[in-house]
Each structure stands twice: as structure tokens, then as C-alpha cells.
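Below: the structure, in C-alpha cells.
So you know, we letter chains A, B, ... as the sequences are listed, proteins then strands, and number each from 1.
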Number of protein chains: 2
Amino acid sequence: MTPRPGARQRLLDAAEELFASGGFAGTPVDAVLARAGVAPATLYAHFGSKTGLQAAALAARLRRWDDVWSAAVAAAPDDRARLLAVFDALDAFGTGGTPSRWCAFLDAAAGAPADDGTAVAALAEDTALLRGRLRELAAPVAGEDAAELAEHLLVVVTGALAMALRTDPARATAQGRATAAALVDRWR
Amino acid sequence: MTPRPGARQRLLDAAEELFASGGFAGTPVDAVLARAGVAPATLYAHFGSKTGLQAAALAARLRRWDDVWSAAVAAAPDDRARLLAVFDALDAFGTGGTPSRWCAFLDAAAGAPADDGTAVAALAEDTALLRGRLRELAAPVAGEDAAELAEHLLVVVTGALAMALRTDPARATAQGRATAAALVDRWR
DNA sequence: GTCTATAGTAGGATAGAC
DNA sequence: GTCTATCCTACTATAGAC
């Protein structure tokens with residue numbers, strides 16, 4: 001790793017941290033520029049707009065989330081733990097950087113002006129990743145009902161992310177894990 | 001009901017509809033004024049600020065939600081249906097006005113600048129209402145485990161609200177109901 | 001209480017030099 | 001590619017008349 005990453009990478013890092021903690025709409029471009037130590041024109045040369053930067057930052061975040069989740073699954077001892085590892089991953093993902101009150105993908109879709117396809121597409125990718133992997137991991141536990149169980153867990157994971165707004169994030173993931181466990185145990 | 005409500009009420013109605021559909025941050029004051037047919041100064045005379053208007057609109061919305069939910073509970077035939085009636089209420093609440101992609105209370109808290117106590121307080125009231133009534137309704141079904149079941153259902157209801165961003169709201173509530181039913185049936 | 005008109009400001013984006 | 005400096009729009013809020 002070079003001592004100081006290029007402007008593009010610094011912008012992505014700054015955007016991911018600030019958007020995740022303060023929300024996309026609530027984070028001015030100036031704040032990202034200041035944190036990255038970069039001039040306005042550089043941002044627009046690379047990403048075209050604030051929304052373009054958001055899209056790139058979300059794509060990077062999705063890859064990172066994918067990695068963290070994979071690692072959590074690999075570390076789990078059995079099928080049941082692998083299925084519930086998504087909550088370990090959420091804990092690890094949250095404490096990895098700036099503490100985020102809220103899921104960046106849901107935030108992006110919630111704040112988008114309804115005609116902005118960028119944020120919706122990013123959330124769709126996140127949803128597809130969650131649904132797909134939950135189905136794979138549910139198969140050894142629920143067999144033919146894997147798809148059904150995966151849909152239940154998708155609701156619970158999404159609920160845990162949103163519960164971070166109602167209570168503190170640590171409690172939110174803990175409760176989500178408990179609820180998911182109660183569901184999974186129906187198929188034991 | 002008078003033919004044309006006063007400016008204050010028209011502002012509240014317009015704010016509730018527009019904030020719910022387009023989000024608080026994404027809805028300019030001008031849009032609320034145009035829909036209400038009211039001049040800027042009138043808004044500030046009544047509510048002091050855009051945030052003040054939001055607070056009043058959220059309070060009105062919470063009362064309306066309380067009523068809709070109560071009605072749905074009253075219409076349910078048995079204990080299990082009364083506990084799951086929250087999803088009927090969500091369907092009825094959504095179709096009542098402008099179709100909202102998203103929960104106004106969660107939106108308010110997600111979009112708030114983190115130091116704004118107004119939105120956080122409104123979300124806390126909403127959370128308290130949900131948790132409290134879910135516990136009452138869970139008692140006949142789960143007995144001593146009512147509090148535990150209520151926490152599970154709080155996650156699922158919150159998840160259903162957030163799932164409205166991932167998919168269409170009707171599917172979100174339907175899936176939420178299914179997940180909640182699976183949980184409730186653990187206590188049968 | 002309500003209006004018309006306007007002030008003040010913040011945020012997103014660009015022009016042009018190096 | 002990057003910087004300095006600046007423009008322009010859109011928004012919140014207010015002043016003053018009726």
C-alpha cells in the first residue's frame with residue numbers, strides 16, 4: 001500500500017465513511033472534499049457528479065460487504081451458524097469504519113428523488129446478494145423450504161438494519177440475530 | 001367538515017402527504033406551500049420552521065396510525081389475528097393517502113442531521129407505541145413470553161417497512177405478515 | 001392571519017491556469 | 001489530473017403591507 005493513495009481512492013474512502021455516517025443527502029460535497037484533501041474539480045473530473053461518486057462508493061461498499069460476509073461464513077462452525085453469520089458480519093462491518101446508524105443502500109434508496117435509477121440499482125444489487133446467499137446458506141438447514149426461509153431472513157436482516165434507527169446498532173443486530181434464530185429453529 | 005379547511009390544516013395535510021411520498025429532505029417548502037395554497041409567511045407564523053411543520057405533521061400521522069391500527073385490531077376475529085392485524089393496518093394506512101415508499105418516522109430519523117432531537121423523538125414515540133401494543137396483543141398468544149415475541153415482531157414490522165424500499169410496498173407487507181405468522185406459530 | 005416580495009445562504013457544479 | 005476562484009441555482013426564512 002502506497003503511503004498516500006491517489007485522489008480518486010481518497011475520494012471513495014471519504015465518501016463511503018461520510019455517506020455511511022451522516023447520510024448521502026446530509027453530507028455536503030465540501031465535507032467529502034475536505035476529508036479527502038481534494039479540490040472540487042477533481043471530484044467532478046472523476047465522477048461527474050455527487051450522485052456519480054455515490055454510485056462508485058456504493059459499489060465499493062458492496063464488494064467490501066461481500067468480503068466481510070464471506071469471511072464470517074467461513075469462520076462459522078456448522079450449517080446453522082453459517083446461516084446466522086450474516087449478523088456477525090453486520091457487527092464486523094459496522095465497527096470496521098465509521099459507526100453508521102443506518103444501511104447505506106437503504107439510505108440511498110430512501111433519499112433518492114424517486115426517478116434516480118442509480119440508488120435504486122445499488123439497492124437492488126444489495127438485495128440480490130442478500131437473497132441469493134441466504135438461499136444457498138438456508139439449503140442445508142431447510143432443504144426444500146430454503147427459499148421460504150431465506151425470504152423470512154431477508155425481512156429480519158432488513159429489519160435489523162432499520163432497527164438501528166430506533167435503537168443503537170449493537171442492540172439492533174443482537175435482536176435481529178435472536179429473531180432469526182427463532183425462525184431458523186422452526187426448521188430444526 | 002367545512003368546505004375548505006383553514007390554512008393550518010391544509011399545511012398539515014400537504015406536509016404529511018408530500019413528506020411521506022417524497023421524503024422530508026427531498027421535499028422543498030415551496031412544494032408544500034403550492035399544494036396547500038398558502039403563502040410562506042403563513043407557514044412560518046404557525047410552525048416556525050420546516051422542522052416545526054414536520055414535527056406537527058408527524059404527531060398528526062402518529063395519531064392517525066394509532067386509529068387505523070386500533071380499527072384493524074377491533075376487526076380481527078381472534079387473538080392470533082389481532083396480533084397480526086398490524087399488517088392489515090399497514091396496508092390500510094398506506095392506501096389511505098399518497099402511496100409512500102417508506103415509513104415517515106424512519107425517514108425522519110434517517111434524514112435528520114443527528115443532532116436534531118425532533119425527528120428522533122417522533123421515532124421514539126412511534127417505537128414506544130409499536131412495542132407497547134405488540135406486547136399487549138402478544139400476551140394472550142405467548143403468555144409469559146409476550147415481551148420476547150413482541151420484540152421479534154417489532155423487528156419484523158420494521159423490516160416490512162424497510163422492505164418497501166427493496167420491493168413494492170404490497171409485497172413488503174405480505175412478506176412481513178408471512179414472517180410474523182411463522183414466528184407466532186412457534187408459540188401455538 | 002394572510003399576502004407579496006425579497007433577503008440571505010448553502011450547496012452543487014464549472015472555467016481556466018498550471 | 002489537479003488546483004484556485006467563482007458562478008448559479010434552489011432553498012429556507014423574513015420584512016412589511018393589508
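Checking C:dA5, D:dC3, D:dC11 against every side-chain atom of A:Thr42, the shortest atom distance belongs to D:dC3. Of the candidates C:dT14, C:dC3, D:dT14, C:dT14 carries the atom nearest the A:Pro40 side chain, counting heavy atoms from C-beta on. The listed nucleotides are C:dG12, C:dG1, D:dT4; the one nearest the side chain of B:His46 is C:dG1. Distances were taken from every side-chain heavy atom of B:Lys50 (C-beta onward) to each of C:dA13, D:dT12, C:dC3; the shortest belongs to D:dT12.
Taking atom CD of B:Gln54 as the reference point, atom P of D:dT12 lies 12 Å away to the nearest angstrom. Residue B:Leu53 contributes atom CG, which lies 16 Å from atom P of D:dC11 at whole-angstrom precision. The nearest whole Å value for the distance from the CG atom in A:Leu43 to the C1' atom in D:dT2 is 12 Å. Taking atom OH of residue A:Tyr44 and atom P of nucleotide D:dC3, one finds them 15 Å apart after rounding to whole Å. Between the CZ atom of B:Phe47 and the P atom of D:dT12 there is a distance of 15 Å, rounded to whole Å. With rounding to whole Å, A:Leu33 atom CG is found 14 Å from C:dA10 atom C1'. The nearest whole Å value for the distance from the CG atom in A:Asp30 to the P atom in D:dA5 is 15 Å. In this structure, A:Leu11 places its CG atom 14 Å from P of C:dA13, rounding to the nearest Å.
Relative ring orientation between B:Phe93 and B:Trp65 is described as perpendicular, the plane-to-plane angle rising above 60° on a 0-90° scale split at 30° and 60°. Classification of the B:Phe24-B:Phe19 ring pair by plane angle, with boundaries at 30° and 60°, yields perpendicular.
In this structure, A:Thr179 and A:Phe87 have side chains that are not in contact, with every pair of non-hydrogen atoms separated by 4.5 Å or more.
Nearest-nucleotide positions on DNA chain C for B:Ala39 and A:Phe24 put B:Ala39 closer to the 5' end. Taking for each of B:Arg8 and A:Ala41 the nucleotide of DNA chain C with the nearest heavy atom, the 5'-most of the two is the partner of B:Arg8.
Residues B:Arg186 and B:Asp145 are not paired through a salt bridge, judged by the lack of any N-O separation under 4.0 Å between the basic side chain and the carboxylate.
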